[in-house]
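Chain A is the first sequence line, chain B the second, and so forth, proteins listed ahead of strands; every chain is numbered from 1.
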Protein chains: 4
Amino acid sequence: MDSRPTPADASPWLPFENRRRARDEKRDAVLRVAVQLFLEQGYHRATLNDVAERLNITKPALYNYFRSKDEILYACWSLGRELVDDAIAAIDAGGGPGLARLRKLVHAYAELMATDFGASLVRFDPRDLTEAHRRIVRAAKKKIDRSFRDYIAAGIADGSVRRCDPKLSAFAIAGSLNWIGHWYQRDGASSPAEIADEFTLRLTEGIAATPDKPARGGPKTKTARKASAPGKQGRKPPRGGTG
Amino acid sequence: MDSRPTPADASPWLPFENRRRARDEKRDAVLRVAVQLFLEQGYHRATLNDVAERLNITKPALYNYFRSKDEILYACWSLGRELVDDAIAAIDAGGGPGLARLRKLVHAYAELMATDFGASLVRFDPRDLTEAHRRIVRAAKKKIDRSFRDYIAAGIADGSVRRCDPKLSAFAIAGSLNWIGHWYQRDGASSPAEIADEFTLRLTEGIAATPDKPARGGPKTKTARKASAPGKQGRKPPRGGTG
Amino acid sequence: MDSRPTPADASPWLPFENRRRARDEKRDAVLRVAVQLFLEQGYHRATLNDVAERLNITKPALYNYFRSKDEILYACWSLGRELVDDAIAAIDAGGGPGLARLRKLVHAYAELMATDFGASLVRFDPRDLTEAHRRIVRAAKKKIDRSFRDYIAAGIADGSVRRCDPKLSAFAIAGSLNWIGHWYQRDGASSPAEIADEFTLRLTEGIAATPDKPARGGPKTKTARKASAPGKQGRKPPRGGTG
Amino acid sequence: MDSRPTPADASPWLPFENRRRARDEKRDAVLRVAVQLFLEQGYHRATLNDVAERLNITKPALYNYFRSKDEILYACWSLGRELVDDAIAAIDAGGGPGLARLRKLVHAYAELMATDFGASLVRFDPRDLTEAHRRIVRAAKKKIDRSFRDYIAAGIADGSVRRCDPKLSAFAIAGSLNWIGHWYQRDGASSPAEIADEFTLRLTEGIAATPDKPARGGPKTKTARKASAPGKQGRKPPRGGTG
DNA sequence: GATGAATGAGTGTTCATTCAT
DNA sequence: GATGAATGAACACTCATTCAT
């Protein structure tokens, strides 16, 4: 048995396997493995050798796809960013009252935080990037923050959200969500969908105009909601909230 | 102008200065500089040479006070932990309804997150520590988390807090607070006290039994609350909530 | 003039030379240079830089072949051990009376002590090795000692050796031989073969059953025995016997 | 209980003890501890801190008695040398046939090899000394070797020793003896006196003019010779002769 | 496209030695 | 005489990166 987190067949370089998959596929494989390793061991402790080893290739081969270690880091982050951007774009496209949109974002963001690339967004240290990339990261984060605030402001305007400071509220909500990226573990007690459901409810009930009466579950998930009556204590985030 | 964050006179080794301060004072100076540097540049990028240089000593001199780099890291973290423990002890000693205690904790914790040693608690990576220290860290974090939950549970019992899942709520609150350690900057728009006041209000209003009517300001701070009417947009967290 | 003991062409890394020799050849070259340097300067005084320099490579390149300095030390020792083991195996395979086998061993061992890898066996300090390797070393030494004793015991049994304490006699003989590793120098007055001949004679005459009548020269060497009549003072160990 | 090899009271700096002993006494104490540590751990692994610690003093205090670490090493060696010189002087003063004197030397030398300062002579590496000291060491060793050869030559002249090559014989004998310094352990099976007796017998029986008839025991020791008939297997050197 | 081999720059750590007190 | 503190010089080891093949 192979106890490595990534099943060996995730690597397009597997020996005895067709080695002619598209370049992009290989690039993606590098990122999948890298993001995992970076999260698992931390960027500085994880060596390119580790990455290469898990891919059944050698270290210099990585340089066919990336120019440097920090470029890999950036690419990981970038993939995570795309996910958030897509989510935001979809929500924006959907329209609806501010509170609904906020809830959709919270839900999507929470789920993303439970993915490798999503967690990249908050667990990687921008100081490991080049200045150029660092600037891009800063801008992207600002944009995401903007969305939170905009939805809240819109909600206030359309009456779905109580009067409050959008900046600060966005801030508190995002902080809570970001933290998920630090504690979530695949083998934890709660599934990403469950966590997302709960956080959607909890993080918005405080600012909803009509407290306590969201349609419970907001953006529906196909999640098997394992018999937890609303209002009852049921959700179980795996570890302590202090990280 | 000296652009270094620590004013030079923070070092007991300053040339031409009285070198006879106590050993503990020097040890503390090392920690003050180290925690700063670790936060500023990240643990791995900050070298012991950097630390020593800022103290006007040489690298090996550090080994008079600490046995290894990771021991310095642990000592920094340890100091932060003491601060939290003291705060919790004081609150426990004070008694009062669950909600009041929760607010005190939120307030104290938020303020701590704006200090170097406080931020250590959430910004240092336990994987940089020895296994022994890592275990201590884990236990301490669990204990802090416990306090959040206990206060909430007590609040529910005494009627000061609405029925909710203590675990999850503690989780959301602590997540939001921890995040402060990641974005707070000394030169930001809001003072630690202001941030603490706001977070105390916002993070607990959602679960208070009688929403919207906290005595506004919870644990009073002597903070000059610069004319910001409740409900109006006044608080200014420096950067986006997405870290 | 190049005063270095190893002629430059011993290095497969010589500049402007074909660099494509086999990996094992390079590994061996490292060992050849390392053992030399370790004997010459002592393990602690010899740095990996020294080793690398003599090989026209850089220090980290050594890590392609060995994981640590002490692993190099062990590998040197290990090569020496193989030589002894082979000699013993050959003698065991050959059979013959105890005394004859003892003489063969003394002869072979003496000659080995005059080689770099042979001297490793007695000049390297096992305390520089890891515990695991140290155990192997101890076991190997015990096994060699065993052979000396067994041959003596066999000799007593078959009448070729006088009655004596095999343990102690083996001890005295081996001690004398081991010491060769400490004083022998390539540029000394006696060749390894000469030394081996003499020691074979002297160290066994005391315990031979029929004193004074070994076939003079025991295991014949093709050594040019430079006109030294038996009984006359001819052999010239380079330096004093006190090391 | 104190498990350290040297009883604590060997240190003139022991707390609560009269601290006013003579300077030389302290110097000697340093040497006693140093030689022990150097033999125990090896010169390079033993730090001056280790030495100081065992003496209940601090590292710089050592510099009151010695100018450098290698001077301590030399002083240890020097003490050992005195012991041998004294023995030789006594033997020379005593006169007697060559064989008798040789046996006295072998006996005395063997016993010395079982002492810390005696072992210094053969276990310390002269390359750790300054060039000046190294020269002294070389000269001293030559002189000792000279004595062995002289006694043998005298023995041949007076008929007590069989015709042989004095140089080589001295060499083999001394080698065997030196090796004792490498394997002797205080807690071994044989006492120094027993070892000395045995080696005196064995190492000279081969070259005695009338083999097998030494007055058994040569230079008498008061050693309790635990019932071991001559010629029978009785002596038990603790470990293998291969070091 | 991939690799084996090599490197340069750096990092924590050790330790004999010095010096002001 | 003794110490606490500091230092300089080294050293083993790591790792991202390069390059000839």
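- When rounded to the nearest whole Å, the span between CD1 of Ile72(C) and C1' of dC13(F) equals 12 Å.
- As rounded to whole Å, 13 Å separates atom P of dG1(F) from atom CG of Leu62(D).
- For Asn64(B) and dA6(F), the shortest distance from a side-chain N or O to OP1 or OP2 is below 4.0 Å.
- Judged by distance alone, with hydrogens and angles left aside, the side-chain atoms of Arg81(B) form no donor-acceptor pair with the main-chain N or O of Leu121(B) at under 3.5 Å.
- Distances shorter than 4.0 Å separate none of the side-chain N or O atoms of Tyr65(A) from OP1 or OP2 on dG1(E).
- Not one N or O on the side chain of Arg27(D) forms a donor-acceptor pair closer than 3.5 Å with the backbone of Arg23(D).
- Atoms CG (Leu55(C)) and P (dT7(E)) sit 11 Å apart, rounded to a whole Å.
- Summarising the geometry, the separation between CZ on Phe66(B) and P on dA6(F) is reported as 12 Å, rounded to the nearest angstrom.
- Atom CD of Glu71(C) and atom P of dA12(F) are 15 Å apart (whole Å).
- Distance CD1 (Ile57(D)) to P (dG4(F)): 12 Å, rounded to an integer number of Å.
- Taking 4.0 angstrom as the limit, Arg23(C) places a side-chain polar atom (N or O) nearer than this to OP1 or OP2 of dA5(E).
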Heavy-atom protein contacts under 4.0 Å, nucleotides 9-14 of chain E, coded B base, S sugar-phosphate only, - none: B-SBBB
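- Summarising the base pairing, dA16(F) is matched to dT7(E) through a Watson-Crick or G-U wobble pair whose two defining distances lie under 3.5 Å.
- At a cut-off of 3.5 Å, with distance as the only test, no side-chain donor of Asn49(B) or Thr47(B) sits close to an acceptor on the other residue.
- dT14(E): Watson-Crick or G-U partner is dA9(F), with both key distances under 3.5 Å.
- For the residue pair His44(A) / Asp128(B), no side-chain donor-acceptor distance below 3.5 Å is found, with atom types taken as modelled.
- Across the strands present, dT21(F) finds its partner in dA2(E); the criterion is a Watson-Crick or G-U wobble pair with both atom distances under 3.5 angstrom.
- Under the 6.0 Å distance and 45° angle rule, Lys69(C) does not count as a cation-pi partner of Tyr74(C).
- A close approach under 4.0 Å does occur between a side-chain nitrogen or oxygen of Lys26(C) and OP1 or OP2 of dA6(E).
- Considering only heavy atoms from C-beta on, His133(C) comes within 4.5 Å of Ile136(C) through its side chain.
- The shortest side-chain heavy-atom distance between Gln36(C) and Arg54(C) falls under the 4.5 Å cut-off.
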